[in-house]
Amino acid sequence: MKWTDLCGITCIVTGLMVLACNGGGADRQAENEVADAGRRINVKDYGALGDGKTDDSRFIQAALDSASVGDTVYLPKGTYLVRTIRLVPNVHLVSDGLLKQPKELSAHFAIEKQHSDAPLFRAHRISNVYLSFRAETVNEAIYASQCSNITIADSHLTGDSLNNRSFPAVLWYSCTASRVTGSTITRYGSAREFPKTYHPGTAVRVLSGQGITISGNRIHHNGENGIFIHDSGDVEIDGNSIHHNGMSGIQIAFNIAERVTNYRITNNRLEHNAADALDINNRAHGRVVAIHALVAGNYSNGNGFVKGESTPDGSGIGTLIGISGVTLSGNRAFGNNRPALYIEGCGEITANRNVTDGAFELVGQWERIRMEGNSFQTLRLLANANGQLLDIRHSRIGSIMLPNAIRIDSLDLIENEINSGPVNVNMEGHLKFEGNRLRSGHEAGALLLVKTKSASLLGNHILNAKNAAITVRKTALNVRIDSNFVTSGGTWIHDFQPPNIKINNNRVQEHAKMDGKQ
């Protein structure tokens with residue numbers, strides 16, 4: 001959809017049809033003139049045969065070159081053997097036939113050569129082009145550079161599945177206000193055969209773009225990523241089915257980090273990709289970049305495997321590295337290889353109402369991470385964890401794994417259900433453990449306070465089938481244990497007399513008989 005100003009009249013135009021205009025008689029006349037201006041040009045009138053044998057490139061090009069602003073070049077049913085077509089500004093192309101590139105044009109992707117000399121469609125410094133077509137290509141289906149308002153809609157693009165160094169299907173470089181919608185993109189690059197190696201061949205590759213929409217597509221069985229976005233901003237990726245690709249379903253990468261901002265990654269199905277469902281990686285810059293992203297309503301399953309073997313990747317909700325300003329909400333992830341949510345060296349991250357059978361894993365330094373209303377199997381921090389705030393509320397957590405000697409300025413665990421202890425706290429920082437329900441059947445107990453600057457245990461329900469439910473070491477400072485309900489198979493607390501401990505108003509049942517299911 002684009003906005004067109006004609007003689008001062010603002011109209012909404014999609015394809016060739018004026019959908020709405022504002023105004024009276026003069027406006028209506030302008031509307032009719034726009035509608036009448038768009039001709040339908042049949043390539044067969046210019047000599048194209050569509051017999052699958054004749055090179056129809058020059059005939060299709062002649063039809064495009066003859067067109068005026070707003071015209072549509074039409075390819076009726078048939079198979080059109082085509083080498084490369086140069087797109088024309090303000091001229092559209094719709095095909096009921098199949099566009100097919102000859103095998104001898106096939107070239108190979110390399111780091112030094114990231115676009116071919118013979119894409120099916122080539123566009124440079126043009127705008128306002130609508131494409132809807134079917135194609136079998138050996139190189140890119142389209143390579144567009146420095147273009148604006150390019151639309152690929154309701155198309156079916158098939159690549160060369162035997163090329164283990166394939167170019168992408170859609171390659172946009174420095175394009176703005178462009179979109180891929182309702183299309184199928186498949187077989188660009190050969191299938192990944194081994195967990196440690198993969199082959200180039202991405203469905204949609206966007207470099208230095210702005211205002212990009214990728215929605216309602218079916219992207220599958222490509223050699224590398226389903227969608228790869230680099231140094232781009234104002235991007236919407238919505239409602240796509242992305243599956244069985246050789247790397248991540250969606251990958252977002254950085255060079256000039258300030259360009260990567262304003263992302264909406266919503267309502268996608270990300271299944272059986274060989275790496276992460278979503279990978280946003282800014283590790284190389286050594287500083288946190290705020291990208292202002294919403295990741296919501298996505299579903300992922302079975303990512304991170306090749307022929308049943310685990311790859312080094314495979315997060316379900318997302319891998320976030322070196323970024324800030326991200327909200328993850330209402331995502332679901334099951335059966336993925338690695339942690340559902342992996343956070344490394346990030347700033348402010350919010351995760352609400354996500355459901356997964358995987359882990360949330362935190363690595364390195366972070367600023368403020370807030371999680372509420374999630375359901376996940378394990379909270380796991382690695383030994384180098386160092387954060388300002390980790391606030392987890394109203395969540396269902398299988399277990400919490402906190403290694404010794406971590407630093408968290410404020411660790412707040414509020415009104416969660418924790419189904420498997422013990423929770424071991426040995427850290428630099430302050431702990432709030434309030435209103436939680438914690439169950440444990442471990443010999444070490446349910447909650448161990450080894451080291452803190454302060455700790456507030458308030459209003460929890462703690463059940464431990466064996467030994468003491470709570471243990472407090474001398475190095476846990478300024479501990480308050482108040483108004484908790486504790487049931488324990490042994491003594492309810494082992495108090496090693498740390499300084500400034502306060503124990504009040506707890507309701508305790510010691511040496512309770514409990515079966516192994518408690």
Side-chain angles (χ1 to χ4, degrees), residues 156-159 161 168-170 180-195 198-199 201-205 214-229 236-252 263-281 293-320 328-342 351 353-361 374-377:
H156 196 294
L157 315 180
T158 304
S161 63
V170 177
V180 182
T181 65
S183 298
T184 297
I185 306 175
T186 185
R187 310 292 177 182
Y188 282 82
S190 56
R192 184 167 176 171
E193 295 290 333
F194 305 103
Y198 64 91
H199 307 293
T202 296
V204 180
R205 187 175 177 90
I214 304 169
S215 65
N217 302 290
R218 298 159 298 281
I219 297 172
H220 61 91
H221 291 94
N222 298 287
E224 195 174 347
N225 299 297
I227 298 171
F228 177 82
I229 311 287
E236 181 171 5
I237 303 172
D238 177 72
N240 302 283
S241 175
I242 305 173
H243 62 92
H244 291 95
N245 298 289
M247 279 291 286
S248 296
I250 302 168
Q251 183 171 358
I252 298 167
Y263 276 75
R264 295 163 300 282
I265 303 171
T266 53
N267 306 313
N268 302 286
R269 291 186 70 93
L270 301 147
E271 299 175 276
H272 304 292
N273 300 290
D276 300 310
L278 168 65
D279 181 9
I280 309 178
N281 191 329
L294 173 65
V295 179
N298 302 294
Y299 172 84
S300 75
N301 175 259
N303 297 289
F305 301 94
V306 173
K307 295 181 177 179
E309 294 187 53
S310 299
T311 68
D313 307 292
S315 62
I317 296 172
T319 291
L320 312 180
L328 307 110
S329 181
N331 301 287
R332 296 177 297 145
F334 305 97
N336 299 288
N337 176 32
R338 297 204 62 238
L341 179 58
Y342 176 87
R353 300 183 295 104
N354 302 285
V355 178
T356 179
D357 60 359
F360 285 8
E361 186 168 284
N374 302 288
S375 178
F376 56 100
Q377 185 59 39

- Message: So, taking the atom named NE2 in H272 and the one named CG in N245, what distance separates them when rounded to the nearest 0.5 Å?
- Response: 12.0 Å
- Query: Going through the distances and angles, do N298 and L278 end up as a side-chain contact (heavy atoms from CB on, under 4.5 Å)?
  - Reply: CA-CA 10 Å; N298 302 294; L278 168 65; 5.9 Å; no
- To the nearest 0.5 Å, what is the distance between CD1 (I317) and CG (N354)? 4.5 Å
- Item | Test item: D313 side-chain N/O and M247 main-chain N/O as donor-acceptor pair under 3.5 Å | no
- Query: How long is the gap from CD on E193 to NZ on K307, to the nearest 0.5 Å?
  - Reply: 3.5 Å
- Message: Whether the side chain of N222 engages the backbone of Y188 through a donor-acceptor N/O pair (distance < 3.5 Å, no angle test) should be reported.
- Response: yes
- Can you check side-chain contact (heavy atoms from CB on, under 4.5 Å) on T311 and Y198, steps first, answer last? CA-CA 11 Å; T311 68; Y198 64 91; over 6 Å; no
- Message: On a heavy-atom basis, which atom in P195 and which in P312 lie closest, and how many Å separate them?
- Response: O-CD, 3.5 Å
- Query: Where the side chain of N374 meets the backbone of R353, is there a donor-acceptor pair that is under 3.5 Å apart?
  - Reply: yes
- Side-chain touch I229/I214, heavy atoms, less than 4.5 angstrom: yes
- Query: How far does OG1 of T319 sit from CG of D279, to the nearest 0.5 angstrom?
  - Reply: 5.0 Å
- Here the gap from L320 atom CG to L328 atom CG, rounded to the nearest 0.5 Å, amounts to 5.5 Å
- For the atom pair NE2 (H221) and OG (S161), what is the distance rounded to the nearest 0.5 Å? 10.5 Å
- Query: When you measure from the side chain of N268 to the backbone N and O of N240, does any donor-acceptor pair fall under 3.5 Å?
  - Reply: yes
- Of all heavy-atom pairs linking A274 and V306, the shortest is CB-CG2, 3.7 Å
- Task: Return the minimal non-hydrogen interatomic distance between G316 and A277, and the atom names on each side.
- Result: O-CB, 3.1 Å
- How far apart are the closest heavy atoms of H199 and A191, and which atoms are they? CD2-O, 3.4 Å
- Test side-chain contact (heavy atoms from CB on, under 4.5 Å) applied to I185 and T158, N217, V204, the passing residue: V204
- Query: Between T266 and D238, does any side-chain donor sit less than 3.5 Å from a side-chain acceptor?
  - Reply: yes
- Give the C-alpha distance, both sets of side-chain angles, the deciding distance and a yes or no for side-chain contact (heavy atoms from CB on, under 4.5 Å) between T356 and L341. CA-CA 9 Å; T356 179; L341 179 58; over 6 Å; no
- Side chain D357, main chain G335, donor-acceptor under 3.5 Å: yes
- Task: Please step through side-chain contact (heavy atoms from CB on, under 4.5 Å) for the pair R338 and E361, ending with a clear verdict.
- Result: CA-CA 9 Å; R338 297 204 62 238; E361 186 168 284; 4.0 Å; yes
- Query: N336 side chain to N303 main-chain N or O, any donor-acceptor pair under 3.5 Å?
  - Reply: yes
- Closest approach of A169 and A203, non-hydrogen atoms and distance? CB-O, 3.2 Å
- Message: Using 30° and 60° as the class boundaries, would you call the ring planes of Y299 and F334 parallel, tilted or perpendicular?
- Response: tilted
- Test item: side-chain donor near acceptor, T184 and R218, under 3.5 Å: yes
- Query: Quick one: are the ring centres of H220 and H244 less than 6.0 Å apart?
  - Reply: no
- Query: Side-chain donor-acceptor pair under 3.5 Å between S315 and D276, yes or no?
  - Reply: yes
